[in-house]
Amino acid sequence: QVQLAESGGGLVQVGESLRLSCVASGRVASIESMDWYRQAPGTHRELVAAITTGGSTYYADSVKGRFTISRDGAKNTVYLQMNSLRPEDTAVYLCHVDGEWTTPSGVDYAYWGQGTQVTVSS
């Protein structure tokens, strides 16, 4: 019902920056919030940042002051600007949307992208 395509990951050095993008397509009118999660090997998936259609934002304590989430409604795109990257930021970053979509089999409340790898080398 909603397709998410992430881009912008890569290999950087400590202290450098990256900007991730996630483009949503499909039934985007029902999106209520767009989020970035990350998952490193052997760890649980972690909510990094979120932004609602009204512009309210959330950041994990570990990224406050370094990461900025923004949204372009006209392009159905959410961005994650990541500055002062650290080795512990290394993970697969996944785009996620919340909302409510009625489908032939029931109701969906969220969709995930495939993820983009971010590696920070020291």
Side-chain angles (χ1 to χ4, degrees):
Q1 303 296 333
V2 174
Q3 295 77 43
L4 302 171
E6 302 107 327
S7 61
L11 171 64
V12 296
Q13 301 293 316
V14 170
E16 293 185 340
S17 300
L18 279 175
R19 189 176 83 151
L20 306 182
S21 300
C22 172
V23 181
S25 59
R27 295 172 62 186
V28 298
S30 296
I31 293 175
E32 296 176 359
S33 70
M34 301 184 77
D35 324 308
W36 287 97
Y37 282 74
R38 67 186 180 188
Q39 187 165 22
T43 69
H44 295 294
R45 195 166 289 184
E46 171 192 22
L47 176 61
V48 176
I51 186 166
T52 68
T53 52
S56 299
T57 57
Y58 162 86
Y59 295 95
D61 287 343
S62 58
V63 307
K64 281 181 181 176
R66 300 188 298 122
F67 290 12
T68 302
I69 190 169
S70 60
R71 181 171 176 172
D72 185 333
K75 296 181 179 179
N76 298 313
T77 301
V78 63
Y79 304 97
L80 186 67
Q81 177 66 42
M82 305 186 295
N83 299 329
S84 302
L85 283 162
R86 305 167 179 169
E88 54 264 38
D89 295 319
T90 296
V92 174
Y93 283 70
L94 302 109
C95 185
H96 171 272
V97 295
D98 288 300
E100 189 169 320
W101 293 269
T102 301
T103 72
S105 58
V107 180
D108 290 341
Y109 296 99
Y111 294 98
W112 291 92
Q114 293 292 318
T116 184
Q117 177 70 45
V118 171
T119 303
V120 184
S121 172
S122 57

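Under a hydrophobic-cluster definition in which Ile, Leu, Val, Met, Phe, Trp and Tyr are linked whenever side-chain heavy atoms come within less than 4.5 Å, directly or via other members, I69 and V23 are assigned to different clusters. Cluster membership check: L18 shares its hydrophobic cluster with V63, using side-chain heavy-atom separations under 4.5 Å among Ile, Leu, Val, Met, Phe, Trp and Tyr. By the rule that hydrophobic residues join a cluster once side-chain heavy atoms approach within less than 4.5 Å of another member, L4 and Y93 end up as members of one cluster. A chain of hydrophobic side-chain contacts below 4.5 Å, direct or via other Ile, Leu, Val, Met, Phe, Trp or Tyr residues, connects L85 to V14.
The hydrophobic cluster containing Y109, built from Ile/Leu/Val/Met/Phe/Trp/Tyr side-chain heavy atoms closer than 4.5 Å, also comprises V107. Cluster partners of L94 are Y37, L47, Y58, V92, W112, counting Ile, Leu, Val, Met, Phe, Trp and Tyr whose side-chain heavy atoms approach within less than 4.5 Å, directly or via other members.
Here the shortest heavy-atom pairing between H96 and A110 reads NE2-CB, 3.4 Å. When all heavy atoms of M34 and A24 are compared, the pair lying nearest together is CE-CB, 4.1 Å. Closest heavy-atom contact between A91 and Q117: O-NE2, 3.4 Å. Taking all atoms of both residues into account, the shortest heavy-atom contact from S33 to R71 is CA-NH1, 4.0 Å. Residues A40 and T43 approach most closely at O-OG1, 2.7 Å, considering heavy atoms.
Between S62 and R38 the shortest side-chain heavy-atom distance falls below 4.5 Å. Here the side chains of T116 and S7 are not in contact, with every heavy-atom distance at 4.5 Å or above. In this structure, Q1 and Y111 have side chains that are in contact, with non-hydrogen atoms separated by less than 4.5 Å.
A donor-acceptor pair is defined here as one N or O able to donate and one able to accept, closer than 3.5 Å; no such pair exists between the side chain of E6 and the backbone of C22. Side chain of T119 to backbone of T90: no donor-acceptor contact under 3.5 angstrom is found.
Counting non-hydrogen atoms of neighbouring residues, nucleotides and ligands closer than 6.0 angstrom, the CD atom of Q114 reaches no more than 12 such neighbours.
Note that OG of S56 is 8.5 Å distant from CD1 of I51, once rounded to the nearest 0.5 Å. One finds the CZ atom of R27 at 10.0 Å from the CD atom of E100 (value rounded to the nearest 0.5 Å). The OG1 atom of T53 lies 7.0 Å from the CD atom of E32; values are rounded to the nearest 0.5 Å.
For S17, the side chain to side chain donor-acceptor pair (under 3.5 Å) partners two or more places apart in sequence, or in a different chain, are N83.
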Pair W101, I31 - check side-chain contact (heavy atoms from CB on, under 4.5 Å), show working.
CA-CA 9 Å; W101 293 269; I31 293 175; 3.7 Å; yes
Walk me through it: do T103 and D108 pass the test side chain to side chain donor-acceptor pair (under 3.5 Å)?
CA-CA 7 Å; T103 72; D108 290 341; 4.6 Å; no
Before giving the answer on side-chain contact (heavy atoms from CB on, under 4.5 Å), spell out for V118 and L20 the whole-Å C-alpha distance, their side-chain angles and the decisive distance to 0.1 Å.
CA-CA 9 Å; V118 171; L20 306 182; 4.0 Å; yes
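You'll find the ring centres of W36 and F67 outside the 6.0 Å limit.
Ion pairing between a basic and an acidic side chain is recognised when a charged N comes within 4.0 Å of a carboxylate O; D89 and R86 show no such pairing.
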